[in-house]
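To keep things clear, I will list the structure first and then write my remarks on it.
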Amino acid sequence: MIRPAALAAGLVLVALLTGACANDQHGLAAAPSFAPFTPATSAPQPSPAAPASPSAVPPAPTVQPSPSRPPAPRATVGPYDTRRLTGVKGVALTFDDGPSPDWTPKVLDQLRAARVKATFCLIGSKARKYPQLVARIVREGHNLCNHSWQHDLKLGKKSEGEIRSDLLRTNREIRRAVPGAKIGYYRQPGGEWTPAVARVSRELGMTPLHWDVDPKDWDKPGAAAISTRVIAQSRPGSIILLHDGGGDRSGTLTACPTLLTTLKQKYGIVRLK
């Protein structure tokens, strides 16, 4: 026999189970469950950025080779309309800073052997010391050129009166060695021309004489360099600057035979007129 208390408890349990099933059927979810909280031990690290794809990098610019340019044409006249070319195909040799007892006679020997005439640009104070060399230059048929009294690079910046006095003094000393000598040219030391020095030299009857080729033999680069530079730079009508004074001119002297032969064959060597 089932006791009344047990029966009542059973009925209550059946009612509860029936209510839970009914709630589930109407879409009422059971209470959610939560995971236990765990504290973070460090700050979260950002994910590394993905490397840029090769297509995102702009291509390097293509460098186009610059077209080769011909050298700029050289002038046919020097500064302030000074003379730079012979006016004919033949080239002319000029020798500055003499006369020198060490080098001028040897240069004259080579010119005589090659049957070549040149122009000698003389320092007045040296012409006073070595008048016999001035006389030999004239005797052997070369031109005379006034090159100032003491190779004054700044002469052109002085007053016209001072310039005239310097040039006249030099001419007087040259003519003391060779009375009545024709001095047809003036060359400003260092090529430091100014309108004043060019004008005064013209007023005194001298042509201001510049040059077209300068191998810088005054810097003593050696005979091979002097020959190479002169031959490379020369063109028809070039006036070539060389030195027979002002220091050791052994390089120039050694270069002369090659220069004389090559220039005579290629252009001819003429005496300035």
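No hydrogens, no waters, no symmetry mates; every other heavy atom, side chains included, goes into these values.
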Non-hydrogen atoms of [X] and [Y] that approach each other most closely:
X: E173; Y: G124; result: CG-O, 3.6 Å
X: L122; Y: P99; result: CD2-CD, 3.8 Å
X: P208; Y: A198; result: CG-O, 3.8 Å
X: S148; Y: P189; result: OG-CG, 3.5 Å

If Ile, Leu, Val, Met, Phe, Trp and Tyr residues are connected whenever their side-chain heavy atoms lie under 4.5 Å apart, and connections chain through other members, are [X] and [Y] in the same group?
X: M206; Y: F95; value: yes
X: V178; Y: L272; value: no
X: L242; Y: L111; value: yes
X: I163; Y: I174; value: yes
X: V134; Y: L168; value: yes

Report task. Let me see the working for T82 and V77 under side-chain contact (heavy atoms from CB on, under 4.5 Å), right down to the final yes or no. Result -> CA-CA 6 Å; T82 53; V77 296; over 6 Å; no
Do [X] and [Y] have side chains that approach each other closer than 4.5 Å (heavy atoms only, starting at C-beta)?
X: I240; Y: L259; result: no
X: H151; Y: D97; result: yes
X: L108; Y: F120; result: yes
X: L167; Y: L155; result: yes

Measuring from [X]:[atom1] to [Y]:[atom2], what's the distance to the nearest 0.5 Å?
X: W211; Y: I239; atom1: CH2; atom2: CD1; answer: 11.0 Å
X: S201; Y: E203; atom1: OG; atom2: CD; answer: 8.5 Å
X: W149; Y: R172; atom1: CH2; atom2: CZ; answer: 8.5 Å
X: R112; Y: Q110; atom1: CZ; atom2: CD; answer: 11.5 Å
X: L260; Y: L93; atom1: CG; atom2: CG; answer: 6.0 Å
X: I137; Y: C145; atom1: CD1; atom2: SG; answer: 11.0 Å

State whether a side-chain donor-acceptor pair under 3.5 Å links [X] with [Y].
X: E162; Y: S165; answer: no
X: D244; Y: T104; answer: yes
X: R187; Y: N146; answer: no
X: T76; Y: R84; answer: no

So does [Y] get a backbone contact from the side chain of [X], meaning a donor-acceptor N/O pair under 3.5 Å?
X: T194; Y: G156; answer: yes
X: K266; Y: P236; answer: no
X: T119; Y: N143; answer: no
X: T207; Y: L209; answer: no
X: R83; Y: L85; answer: yes

Query - T170 and I183: CA distance, side-chain angles, deciding distance, side-chain contact (heavy atoms from CB on, under 4.5 Å) verdict - result: CA-CA 10 Å; T170 301; I183 306 168; over 6 Å; no
Query - Derivation and outcome, side-chain hydrogen bond (donor to acceptor under 3.5 Å, both in side chains), residues Q188 and Y186 - result: CA-CA 7 Å; Q188 171 61 22; Y186 172 74; 2.6 Å; yes
Report task. Answer yes or no on whether R249 is positioned over the face of W103, meaning its NZ or CZ is under 6.0 Å from the six-membered ring centre and within 45° of the axis. Result ->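 R249 over W103 ring: no.
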Should the pair [X]-[Y] be classified as a salt bridge under the 4.0 Å nitrogen-to-oxygen rule?
X: R136; Y: D109; result: yes
X: K117; Y: E140; result: no
X: K158; Y: D152; result: yes

Query raised in the report: Taking only residues at least two apart or on different chains, which pairs with a member in residues 222-238 satisfy side chain to side chain donor-acceptor pair (under 3.5 Å)?
Result: D212-R235, D212-S238
**Report entry** salt bridge (charged side-chain N to carboxylate O under 4.0 Å, His left out) between E192 and K157, intermediate numbers included
**Finding:** CA-CA 9 Å; E192 298 289 337; K157 296 182 179 180; 5.8 Å; no
Query raised in the report: For D217 and T252, what are the C-alpha separation, side-chain angles and deciding distance, and is it a side-chain hydrogen bond (donor to acceptor under 3.5 Å, both in side chains)?
Result: CA-CA 6 Å; D217 66 328; T252 302; 2.7 Å; yes
Query raised in the report: When you look at N171 and R175, which way does the side-chain contact (heavy atoms from CB on, under 4.5 Å) test go after all the steps?
Result: CA-CA 6 Å; N171 282 351; R175 290 187 174 121; 3.9 Å; yes
Query - Derivation and outcome, side-chain contact (heavy atoms from CB on, under 4.5 Å), residues W193 and H210 - result: CA-CA 9 Å; W193 294 99; H210 198 60; 3.0 Å; yes
